[in-house]
Every structure is written in structure tokens, then in C-alpha cells.
Amino acid sequence: LAVATHAHGDHVGGLHEFDHRLVHGCEAHALSEGRDSYSLDLADFSAESQARLAAAGYDISDGLLTAVPHPGYRPAAHVLKGCEPTRVLAEGDVVDLGDRAFEVLHLPGHSPGSIGLWEAATGTLFSGDAIYDGPLLDEIPGADIAAYRATMERLLRLPVQVVHGGHDGSFGAERLAQIARGYLARTG
Ligand SMILES: [Zn+2]
Ligand SMILES: [Zn+2]
């Protein structure tokens, strides 16, 4: 079983290999579409995309790829396979793994169907790209700053112990508050 926190290509490339594929309703269509060419080689990015990453605060001087599957592999030839979700998620749904259960939190802003998986018993949040300890992307296609601000307000009220983000290292409540308050201050 695989849960997509959202349908961006850097998160769902292997989803088609799983029997059970879960995604929020707002991104079910995006998941099924796929892309004929999805390169993570910086050289294949448009000048606009490169500028946006740099402006967000990413050091992209070394590119985005540190390894490829085999010598001669061409990142530009990578196809992002679309796949149909087997279950469409909404706010408040529960993903029950048997020994652990996670509540779906709809956390839009980075993308319309961004979700977090919340285990209240342990204060554990898998946050996807709704929040992580790195430059947040809120001006990419599909992003919405007003929605992102509401998500940050919500996250500030969540009694988290640990956040596992979609990028960068895990962090606790104090760092979450710093990131969320910083975002609200920057965009207010
Ligand atoms: Zn993303
Ligand atoms: Zn991402």
C-alpha cells in the first residue's frame, strides 16, 4: 500500500508498482495523468523553473541528481507513469495499517490535494510537502499562498511530537512552530 501525500512527480514515481494507491480527491486526476517526460536533471528544467528554485533558497549549483540507475541513463527519457488511485482520500479519513492507524489531514497550499498523515496516539505527522525543514515552494503551478497560510495556522495547533517531512530531516514541535511562524510572517 502506498499513500501519495500529493501527486508531484518527485513523490509518486513508483506508485504504479503498488497494489493499493491512495491519494486525495483533488489530485486523483493528476495522479492518473502521468507525464511523458519527467526529468530531475537540472539541465532539463526551464530557465523559469531554475530561477524559481533559486529564488526559494535552494542551492542548485550541483544539480538535483546525485546518482542515476545505470551508466548511460538519460534523465530526460524518464517517463512518469500515471496510475489510477484505488482509494480516494478526504479530510478525516483513516488509513488503517492494522497495528497503526493514521488520520488524513487535508493540508493544501503547496498543492491542492496535499495531505498529512496524523497518528494522534504518538503525535507523529507525515507531512509530505505541506511542511518540511527547507525552502517551501508556494509559487509553483497549483500552489496557493492563502491556503498555505491556513495550513500553517492549523499545523501550529497540532500537538506534534515529531514531523517527518517530504524533504529534509525530521523535526519536533519547536522547529515546526519556527517554520510555520516564519512562513506566516513572510507572507502576511
Ligand atoms: Zn511537492
Ligand atoms: Zn516534493
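When a ligand or atom number is given, it counts from 1 through the structure's own listing order. Remember, it's a predicted structure, so these values are computed and weren't measured experimentally. Atom set for the values below is all heavy atoms of this structure, side chains included, hydrogens, waters and symmetry mates excluded.
- D10 contributes OD2 as its N, O or S atom closest to the Zn ion (ligand 2).
- A tilted orientation is assigned to the rings of F126 and H164, their planes being inclined by 30° to 60°.
- Distances from the Zn ion (ligand 2) to each N, O or S atom of D129 single out OD2 as the nearest.
- Two rings, from H106 and H24, have their centers less than 6.0 Å apart.
- Around the Zn ion (ligand 1), the two atoms NE2 of H6 and NE2 of H110 are separated by an angle of 110°, to 10 degrees.
- Checked against the Zn ion (ligand 1), the N, O or S atom of H8 at the shortest distance is ND1.
- Cluster membership for L125 and Y183, using ILVMFWY side-chain heavy atoms within less than 4.5 angstrom, is shared.
- Summarising the geometry of G169 relative to D133, their closest heavy-atom pair is O-CB, 4.3 Å, with the distance given to 0.1 Å.
- Looking only at atom types and distance, the side chain of H78 has no donor-acceptor partner in the side chain of S39 under 3.5 Å away.
- With the Zn ion (ligand 2) as the vertex, NE2 (H167) and NE2 (H11) define an angle of 110°, rounded to 10°.
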